[in-house]
Amino acid sequence: MMNSSPKKIQVRHLLIPLLLMLFTASCKENEAYKSLLEEHYFLVDANGALTDVIVHDIFSPPVASRIYAYPSIAAYEVAALADPEQYTSLMGQLNDSKPLAITIENEEKINFHLSALAAYCKVATNMIFSEQDMVAYKEAAYEKILMAGMPKADFDASVHLGEVVADEIMAYASRDNYHQSRSFEKYTINNDPGSWKPTPPAYIEGIEPHWNKIRTFFLDSADQFIPPPPPPFDTIPESRFFLDAKAVMDAGNQMNENQEEIAYFWDCNPYKMNVKGHVMYAEKKITPGGHWMGISGIASKAGNLDWKQTAEAMAVTSIYLFDAFISCWDEKYRSVLIRPETYINQYMDQDWLPLLQTPPFPEYTSGHSVISTAASIALTRLLGEPFHFMDSTEVKYGLGIREFDSFREAAEEAAISRFYGGIHYLPAIDHGVDQGKAIAKQINEKISTRKEITTNTALKD
């Protein structure tokens with residue numbers, strides 16, 4: 001009996017530090033979710049998941065810009081709620097918008113990064129066809145956060161706030177005339193020889209001829225920045241139009257390896273059709289706006305931005321893209337200009353083919369030129385230049401990586417890529433760049449996200 005007591009005491013002494021170690025380890029495990037949410041780029045991943053759905057569902061470039069914009073705005077609005085001293089809400093600034101009417105309860109339980117993710121995912125899911133794919137991403141992200149130890153009550157409160165914000169952004173989105181435009185009449189082909197006609201191989205009808213009816217975010221109207229008209233249509237060999245078309249044909253016939261690589265890298269044509277024998281099938285690709293949203297995510301990581309700055313970069317980029325698409329499409333269906341492929345086949349060489357497949361809408365102005373210029377100015381406004389980044393956006397779609405020292409440099413390459421690809425005459429590119437600059441200048445002068453960000457006067461040139 002006397003010999004057993006010391007052993008019992010020894011066991012008790014060993015149990016106490018063991019329990020303390022287990023308790024400490026448990027506390028550390030429960031805190032792991034905070035580091036996960038601080039360090040992980042959940043919003044960038046969500047944008048990538050949304051891009052995959054947009055590619056799968058084959059949304060047009062203008063519609064895709066809308067699908068990117070509202071979820072990004074929702075996530076940013078959570079950032080503004082999280083840090084109102086630093087970030088300014090966009091609601092009340094955007095056309096036809098009102099300040100959010102949200103009261104935050106139990107703020108001590110809320111992780112705003114998770115709220116931003118919840119807001120993004122709910123709005124994104126509401127705007128796509130393949131909802132299950134976005135839900136699968138959301139559930140996987142949520143599981144990762146919960147497994148890292150986030151208390152269920154905090155998790156629920158954070159998700160609830162995000163979904164409340166999402167509801168207000170979706171209500172705002174519902175008034176932008178998009179749903180009404182789904183019933184507008186289709187584009188009617190004009191028999192005028194200089195007007196756009198559907199192009200091979202699929203001869204798809206004109207995409208989104210009424211996109212100028214969609215409500216803008218910061219432009220006064222879709223036609224606020226009408227570019228100079230394109231050179232007048234002509235078939236005389238000495239005419240400006242003929243020479244512009246010949247330049248496209250000659251460039252295609254004399255393409256070097258670097259120019260070809262640039263053209264393919266920026267192709268971003270979600271309507272590309274392949275024909276093998278009697279079989280035609282689609283090759284799904286990212287949209288031009290999706291490419292620039294991908295760049296915004298890459299830049300967020302390269303610049304070591306926190307989640308609020310990342311939300312800002314994504315929202316601002318998407319807003320410039322959205323208004324740029326509206327302005328560009330307004331001009332496309334005003335001038336309704338014939339594509340180089342159609343003109344060259346009719347008046348120069350009936351067997352000539354562009355390097356890239358011609359997308360299904362009129363030629364003037366170049367969408368890549370307008371939207372890339374606007375997006376590059378948006379990102380430069382936030383992150384400055386030079387800003388070195390590796391553009392790996394297209395890797396998962398079978399293309400390589402290209403390296404840039406500024407967003408402006410990337411935009412210039414995106415613009416000229418359409419000439420290399422045989423998609424655009426040079427005036428559409430040059431005037432498209434100017435149109436993108438005018439759009440960006442207008443938004444620069446109106447938008448406010450952070451007090452310390454001021455418009456770079458160099459970007460007004």
Side-chain angles (χ1 to χ4, degrees), residues 41-48 65 68-91 93-94 112-113 116 120 217-219 288-325 370-393 404-412 414 436-461:
Y41 285 86
F42 280 106
L43 292 175
V44 175
D45 291 348
N47 181 75
S65 75
Y68 284 118
Y70 288 109
S72 299
I73 291 169
Y76 172 79
E77 286 303 297
V78 175
L81 287 173
D83 190 357
E85 297 298 319
Q86 182 78 358
Y87 293 89
T88 305
S89 172
L90 289 165
M91 298 301 289
Q93 296 185 59
L94 302 172
F112 286 95
H113 187 180
Y120 186 100
F217 285 138
F218 280 104
L219 298 189
H291 193 140
W292 277 97
M293 289 303 295
I295 289 174
S296 75
I298 290 169
S300 295
K301 291 181 178 181
N304 294 315
L305 306 188
D306 64 26
W307 75 265
K308 288 178 284 189
Q309 293 167 323
T310 299
E312 178 189 33
M314 290 172 53
V316 170
T317 301
S318 71
I319 286 168
Y320 284 60
L321 287 169
F322 183 85
D323 276 5
F325 268 109
V370 179
I371 70 103
S372 296
T373 300
S376 72
I377 292 174
L379 285 166
T380 302
R381 178 177 181 271
L382 294 176
L383 300 173
E385 63 179 6
F387 188 97
H388 183 266
F389 66 98
M390 307 290 288
D391 185 357
S392 58
T393 308
F404 301 101
D405 288 322
S406 70
F407 303 111
R408 194 191 306 256
E409 180 184 340
E412 290 170 354
K437 288 179 179 178
I439 293 162
K441 180 181 177 183
Q442 164 84 354
I443 302 175
N444 276 351
E445 292 173 349
K446 285 191 169 187
I447 193 170
S448 173
T449 54
R450 274 186 286 155
K451 293 179 181 178
E452 73 270 24
I453 295 179
T454 56
T455 302
N456 183 342
T457 55
L459 300 180
K460 296 181 179 180
D461 295 338

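Hydrogens, waters and symmetry mates play no part in the numbers below; they use all other heavy atoms, side chains included. All residue numbers in this chain count up from 1 along the given sequence.
Nearest approach of Val78 to Ala116, heavy atoms of both residues: CG1-N, 3.6 Å. Across Tyr68 and Gly289, no two heavy atoms sit closer than the pair CE1-C, 4.2 Å. Residues Val316 and Ala378 share a closest heavy-atom pair of CG1-CB, 3.9 Å. What you find for Trp307 and Ala79 is that their closest heavy atoms are CH2-CA, 3.7 Å. When all heavy atoms of Gln86 and Arg450 are compared, the pair lying nearest together is O-CG, 3.3 Å.
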- Query: Tyr76 and Leu90: side chain to side chain contact (heavy atoms under 4.5 Å, CB included), yes or no, with the steps?
  - Reply: CA-CA 8 Å; Tyr76 172 79; Leu90 289 165; 3.5 Å; yes
- Task: With side chain to side chain contact (heavy atoms under 4.5 Å, CB included) as the test, would you mind laying out the steps for Thr449 and Arg381 before giving the verdict?
- Result: CA-CA 11 Å; Thr449 54; Arg381 178 177 181 271; 4.2 Å; yes
- Message: For Phe42 and Thr310: C-alpha separation, side-chain torsions, deciding distance, then whether side chain to side chain contact (heavy atoms under 4.5 Å, CB included) applies.
- Response: CA-CA 10 Å; Phe42 280 106; Thr310 299; over 6 Å; no
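Between the CG atom in Leu305 and the CG atom in Leu43 there is a gap of 11.5 Å [rounded to 0.5 Å]. The distance from the CE atom of Met91 to the CD atom of Glu77 is 6.5 Å, given to the nearest 0.5 Å. Taking OH of Tyr87 as the start and CD of Gln309 as the end, the distance is 4.5 Å to the nearest 0.5 Å. Note that CD1 of Ile439 and OG1 of Thr373 are 9.0 Å apart. Values are rounded to the nearest 0.5 Å. Interatomic distance, Glu445 CD to Ile447 CD1, rounded to the nearest 0.5 Å: 12.5 Å. In this structure, Met390 CE and Lys301 NZ are separated by 14.5 Å, a value rounded to the nearest 0.5 Å.
Side-chain contact between Ser318 and Met293 is present, with at least one heavy-atom pair separated by less than 4.5 Å. Side chains of Thr380 and Ser406 form no contact here, defined as non-hydrogen atoms less than 4.5 Å apart. Looking at heavy atoms from C-beta onward, Thr317 lies out of side-chain contact with Leu382 at the 4.5 angstrom threshold. Side chains of His291 and Ile295 form a contact here, defined as non-hydrogen atoms less than 4.5 Å apart. The shortest side-chain heavy-atom distance between Asn47 and Tyr41 does not fall under the 4.5 Å cut-off.
Between Phe407 and Phe387, the ring planes lie parallel to each other; the angle is under 30°, not in the 30° to 60° tilted range. Ring pair Phe389/Phe404 is tilted by interplanar angle, where 30° to 60° counts as tilted.
Within the 3.5 Å criterion, the main-chain N or O of Phe218 finds a donor-acceptor partner in the side chain of Asp323. When atom types are taken as modelled, the side chain of Gln93 and the backbone of Ser89 share a donor-acceptor pair closer than 3.5 angstrom.
Legend: residues meeting side-chain hydrogen bond (donor to acceptor under 3.5 Å, both in side chains) with Ser372, ordered by chain and number and at least two apart, are Trp292.
Taking the six-membered ring where the residue is Trp, the centroids of Tyr70 and Phe217 are separated by under 6.0 Å.
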